[in-house]
Amino acid sequence: MQREIQIYNTLSRTKERFEPLNPPFVGLYVCGPTVYGDAHLGHARPAITFDLVFRYLSHLGYKVRYVRNITDVGHLENDADEGEDKIARKARLEQLEPMEVVQYFTDRYHLNMAQLNVKSPSIEPRASGHIIEQIEMVREILKAGMGYEVNGSVYFDVEAYNRGHRYGKLSGRVLDDLLANTRALEGQDEKRNPFDFALWKKAQPEHIMRWPSPWSEGFPGWHLECSAMSNRYLGDLFDIHGGGMDLLFPHHEAEIAQSCTVHGKDPVKYWMHNNMITIEGQKMGKSLGNFITLNEFFNGAHVRLEKAFSPMTIRFFILQAHYRSTLDFSNEALMAAEKGLERLMAGRKVLEQLKPGSESTFDVAGLQAKCYAAMDDDFNSPIAIAHLFDAVRIINSIKDGKGSLTATDLHGLREWVESFVVDILGLKEEVGGSESSLMSDVVGLLIRLRAEAKARKDFQTADEIRDELGKVGIVLKDTRDGVEWQISGKDI
RNA sequence: GGUCUCGUGGCCGAGUGGCUAGGCAGCGGUCUGCAAAACCGCGUACAGCGGUUCGAAUCCGCUCGAGACCUCCA
């Protein structure tokens with residue numbers, strides 16, 4: 001916890017030294033998914049990015065309260081049926097109660113996150129469970145003169161707010177520019193200005209998700225839930241707020257305006273934004289229809305996929321790029337990640353078996369220090385991974401007898417590699433499990449048969465055993481120390 | 001149109017004034033009955049043009065190209 005961490009703060013557009021408000025406690029809020037469809041690769045990015053932040057800060061000894069919401073109050077579609085939101089629409093199409101849709105996709109989201117080895121947040125609040133808090137905020141905003149009611153709906157008065165604050169400070173926007181450039185959309189005649197946003201919307205007759213309020217039967221504006229829930233669980237001012245770059249404006253800008261109005265101060269010290277995942281250079285997104293769901297990656301059932309990719313491959317692929325860079329999807333890139341991950345995990349296993357030597361021919365401590373330094377520098381996982389690959393090379397060299405480590409260094413190396421691979425990067429073995437001992441016995445038998453064949457120079461049989469095993473995904477390797485085997489396919 | 005970001009070797013992807021990124025693929029070698037794995041070695045990459053500098057992929061300007069946000073979006 002004595003380390004100096006640098007975090008890139010969107011608010012200042014620079015890296016800043018991380019100083020928690022109340023060490024050792026850290027408050028972390030991240031915008032979660034709207035549960036009206038299966039999570040796609042884009043959803044995996046913030047989940048894994050902030051899982052890494054959560055894990056690293058925890059590893060260093062911080063007591064992190066990580067809040068990631070579930071948006072289960074659908075916001076309005078901009079074009080489709082007036083007064084209908086995404087969740088309600090899905091519910092109508094499938095003849096379900098909206099909360100059935102929410103439950104179904106929430107469960108599937110949780111399953112995907114578990115597959116990706118993303119830790120559960122400390123608190124996972126739902127927007128629908130915090131309607132009272134949101135109504136209370138609307139009341140406060142009206143009282144402060146920053147909102148106005150029209151026909152049962154309440155809007156935030158951006159112009160009024162901007163007189164005492166700077167609306168646009170996070171996204172770098174200037175209100176006059178917004179005024180000149182915002183497109184005029186249909187059905188927004190209730191607003192005084194096009195950039196005003198809804199705090200409370202009166203429900204149309206056909207709108208099934210609705211709650212009573214002082215203004216109308218309706219539902220809260222989308223931006224309000226994060227303000228209400230982050231405040232409830234993390235207070236008026238907390239350390240880190242995360243989310244995708246596409247939420248920067250207007251969502252996070254609106255959050256600041258709402259919280260500032262009600263609590264009199266900026267709600268967040270460090271704003272972190274992960275970049276987008278692209279496909280052929282274009283953002284992967286629902287509205288563009290070019291997304292691939294996580295389930296499709298895991299089973300290979302999508303025309304753009306040449307094969308299935310395991311959850312750990314996806315996780316590793318994302319961690320191999322810095323979170324503030326765009327990351328371009330391609331089969332080739334995924335396959336490279338798969339092979340790289342295999343190499344890293346294999347190295348970790350070899351490490352378990354290494355024997356200490358009388359002297360150290362590698363600088364383990366130095367490498368470890370560089371690895372930590374990489375993470376301290378705005379969570380630079382790709383650099384940390386590069387150093388881990390250096391460690392893998394050292395490990396394999398020692399196994400080949402081309403160097404050695406003292407017992408102390410070997411112990412240090414094991415501790416470091418385990419912490420990084422397992423605790424911080426959150427990578428885990430994907431094969432094996434309960435059948436593994438049975439599998440060992442069977443493969444062991446075949447290995448013995450093959451050894452006998454080789455002993456009588458029957459290489460045809462020996463090769464046949466190895467090739468046939470290879471076909472079902474079991475790879476045999478004749479090493480100096482005997483035969484090793486592993487399951488190569490991730491498609492099983 | 002406004003605001004902003006990016007353009008790195010066959011692919012992905014770090015870095016950022018002088019010092020090896022890394023992974024995958026490829027080539028050569030060691031080892032091996034063969035193969036695989038592993039290890040060793042190899043590629044004179046920083047969109048283009050100009051400028052600043054002793055020195056730039058890294059700073060500045062221009063040009064070209066790509067993308068994000070401005071509307072729901074991770």
Side-chain angles (χ1 to χ4, degrees), chain A residues 13 30-34 36 39-50 74-80 85-86 168 171-174 176-178 180-183 185 188 194-195 222 242-251 273-278 281-288 291 316-317 320-322 324-344 346-347 350 374 377 380-390 392-393 395-403 454 457 459 462-463 466-467 470 475-480 484 486 488:
Chain A
R13 310 266 161 174
V30 174
C31 293
T34 303
Y36 67 106
H40 59 74
L41 187 59
H43 291 96
R45 187 124 201 228
I48 289 170
T49 295
F50 294 104
H75 17 287
L76 288 171
E77 291 272 346
N78 56 333
D79 46 3
D85 72 43
K86 290 170 172 176
S171 55
R173 265 155 241 259
V174 179
D176 289 345
D177 294 344
L178 283 174
N181 293 305
T182 307
R183 281 179 244 170
L185 293 170
Q188 296 200 142
F195 44 69
W222 171 44
M245 265 183 187
D246 49 351
L247 298 180
L248 223 160
F249 189 90
H251 185 58
H273 291 93
N274 63 273
N275 216 318
M276 302 291 102
I277 287 184
T278 58
Q282 225 189 6
K283 174 181 166 181
M284 182 182 281
K286 280 217 165 86
S287 51
L288 292 164
F291 64 94
F316 189 67
F317 173 65
Q320 262 193 309
H322 185 78
R324 283 192 287 115
S325 300
T326 54
L327 173 58
D328 199 52
F329 154 83
S330 72
N331 282 282
E332 213 179 345
L334 259 316
M335 281 188 254
E338 184 178 67
K339 295 294 282 292
L341 177 62
E342 221 168 85
R343 181 172 149 82
L344 180 62
V350 170
D377 184 12
N380 201 323
S381 53
I383 298 254
I385 288 169
H387 293 313
L388 286 172
F389 276 115
D390 286 340
V392 169
R393 186 171 302 111
I395 290 163
N396 286 325
S397 292
I398 293 170
K399 189 198 177 197
D400 284 1
K402 292 173 182 167
K454 278 170 73 174
K457 303 279 181 200
F459 294 120
D463 288 350
R466 185 180 60 201
D467 294 346
V475 179
L476 296 191
K477 291 180 280 189
D478 293 335
T479 72
R480 198 187 319 237
E484 290 178 5
Q486 68 179 66
S488 73

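Sequence lines set the chain letters: A, B, ... in the order given, protein chains first and strands last, and positions in each chain run from 1.
Closest approach of A/I383 and A/A374 over heavy atoms only: CG2-CB, 3.5 Å. Taking every heavy atom of both residues into account, A/A321 and A/R45 meet most closely at CB-NH2, 4.2 Å. Shown here for A/F249 and A/S171, the closest heavy-atom pair between the two residues is CD1-OG, 3.3 Å. Taking each heavy atom of A/Q320 and A/P382 in turn, the nearest pair found is O-CB, 3.3 Å.
Below 30°, between 30° and 60°, or above 60°: for A/W222 and A/H251 the angle between ring planes is below 30°, a parallel geometry.
Remark: A/R343 is not in phosphate contact with B/rG22, judged by side-chain N or O atoms under 4.0 Å from OP1 or OP2. When the side-chain nitrogen and oxygen atoms of A/K399 are compared with OP1 and OP2 of B/rC39, none of them lie within a distance under 4.0 Å. In this model, the phosphate group of B/rA74 is not approached by any side-chain N or O of A/N274 to a distance below 4.0 Å at OP1 or OP2. At B/rA36, none of the side-chain N or O atoms of A/R466 fall inside 4.0 Å of OP1 or OP2 (strictly under the cut-off). Proximity of A/K283 to the phosphate of B/rC69: a side-chain N or O atom is located under 4.0 Å from OP1 or OP2.
Using C1' as the reference atom, B/rU8 and B/rU20 are 16 Å apart when rounded to the nearest Å. The same atom, C1', is picked in B/rC24 and in B/rC19; the two are 26 Å apart, to the nearest Å. B/rC11 sits 30 Å from B/rG51 when the P atoms are compared, rounded to a whole Å. The P atoms of B/rC59 and B/rG43 are separated by 27 Å, rounded to the nearest whole Å. Here the separation of B/rG26 from B/rG33, taken at their P atoms, is 24 Å to the nearest Å. Taking atom P in both B/rG23 and B/rA56, one finds a spacing of 29 Å when rounded to whole Å. Spacing between B/rU53 and B/rG10 at atom C1', rounded to whole Å, works out to 35 Å. Annotation: B/rG29 and B/rG65 have their C1' atoms spaced 42 Å apart (nearest Å).
Closest to the side chain of A/S397, out of B/rC40, B/rA38, B/rC34, is B/rC40. Side-chain atoms of A/F459 lie closest to B/rG33 of the nucleotides B/rC24, B/rG33, B/rA21. When each of B/rA74, B/rC39, B/rA21 is scored by its nearest atom to the side-chain atoms of A/H43, the top-ranked nucleotide is B/rA74. Out of B/rC69, B/rC72, B/rG22, the shortest distance to the side chain of A/A386 is found at B/rG22. Of the candidates B/rA74, B/rC70, B/rC34, the closest approach to any side-chain atom of A/K286 belongs to B/rA74. With B/rG67, B/rC34, B/rC40 as the candidates, the nucleotide lying closest to the side chain of A/Q282 is B/rG67.
For A/S171 and A/F316, each mapped to the nucleotide of RNA chain B holding its nearest heavy atom, the one lying further toward the 5' end belongs to A/S171. Nearer to the 5' terminus of RNA chain B, by closest-nucleotide assignment, is the contact made by A/R393 (compared with the other of A/R393 and A/P46).
In this structure, A/M276 reaches the bases: a heavy-atom distance under 4.0 Å links it to at least one base atom across the strands shown. Across all strands, A/L334 comes closer than 4.0 Å to no nucleic acid atom at all (heavy-atom distances). Residue A/H251 is out of contact with every strand shown, counting any heavy-atom pair closer than 4.0 Å. As judged by a 4.0 angstrom heavy-atom cut-off over every strand, A/M284 is placed among the base-contacting residues. Residue A/K454 is classed as a base contact, given a heavy-atom separation below 4.0 Å to a base. Within the 4.0 angstrom heavy-atom criterion, base atoms lie near A/G42.
A/F291 places its CZ atom 19 Å from the P atom of B/rC72, with the value rounded to the nearest Å. Between the CD1 atom of A/I48 and the C1' atom of B/rA74 there is a distance of 12 Å, rounded to whole Å. Atom CZ of A/F389 and atom C1' of B/rG22 are 7 Å apart (whole Å). The interatomic distance linking A/R173 (CZ) with B/rU3 (P) rounds to 11 Å, in whole Å. Distance CG (A/L344) to P (B/rA37): 17 Å, rounded to an integer number of Å. Atom NE2 in A/H387 sits about 11 Å away from atom C1' in B/rU20, given to the nearest Å. With rounding to whole Å, A/L247 atom CG is found 14 Å from B/rC70 atom C1'. Counting to the nearest Å, the P atom of B/rG23 and the CD atom of A/E342 are 15 Å from each other.
The closest side-chain heavy-atom distance from A/F389 to A/L344 is below 4.5 Å. Counting only heavy atoms from C-beta outward, the side chains of A/D85 and A/Y36 never approach each other to under 4.5 Å. Using a 4.5 Å heavy-atom threshold, the side chains of A/R343 and A/R393 count as touching. Looking at A/T326 and A/K283, their side chains never come closer than 4.5 Å, going by heavy atoms from C-beta outward.
In this structure, A/S330 OG and A/F317 CZ are separated by 6.5 Å, a value rounded to the nearest 0.5 Å.
When both pairing distances are held under 3.5 Å, B/rC39 makes a Watson-Crick or G-U pair with B/rG29. B/rU20: no Watson-Crick or G-U partner with both key distances under 3.5 Å is found in any strand. Pairing partner, B/rC69: B/rG2, with both Watson-Crick or wobble hydrogen-bond distances short of 3.5 Å. Under the Watson-Crick and G-U wobble criteria, each requiring two contacts below 3.5 Å, nucleotide B/rG55 is left unpaired. In this structure, B/rC64 forms a base pair with B/rG7, meeting either the Watson-Crick or the G-U wobble geometry with both donor-acceptor distances under 3.5 Å.
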Per-nucleotide protein contact along nucleotides 4-18 of chain B, 5' to 3', at a 4.0 Å heavy-atom cut-off (B base, S sugar-phosphate only, - neither), is -------SSSSS---
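Using a distance-only test at 3.5 Å, with no hydrogens or angles considered, a donor-acceptor pair links the side chain of A/H43 to the main chain of A/H40.
Between the side chain of A/D463 and the base of B/rG33, at least one donor-acceptor pair of N or O atoms lies under 3.5 Å.
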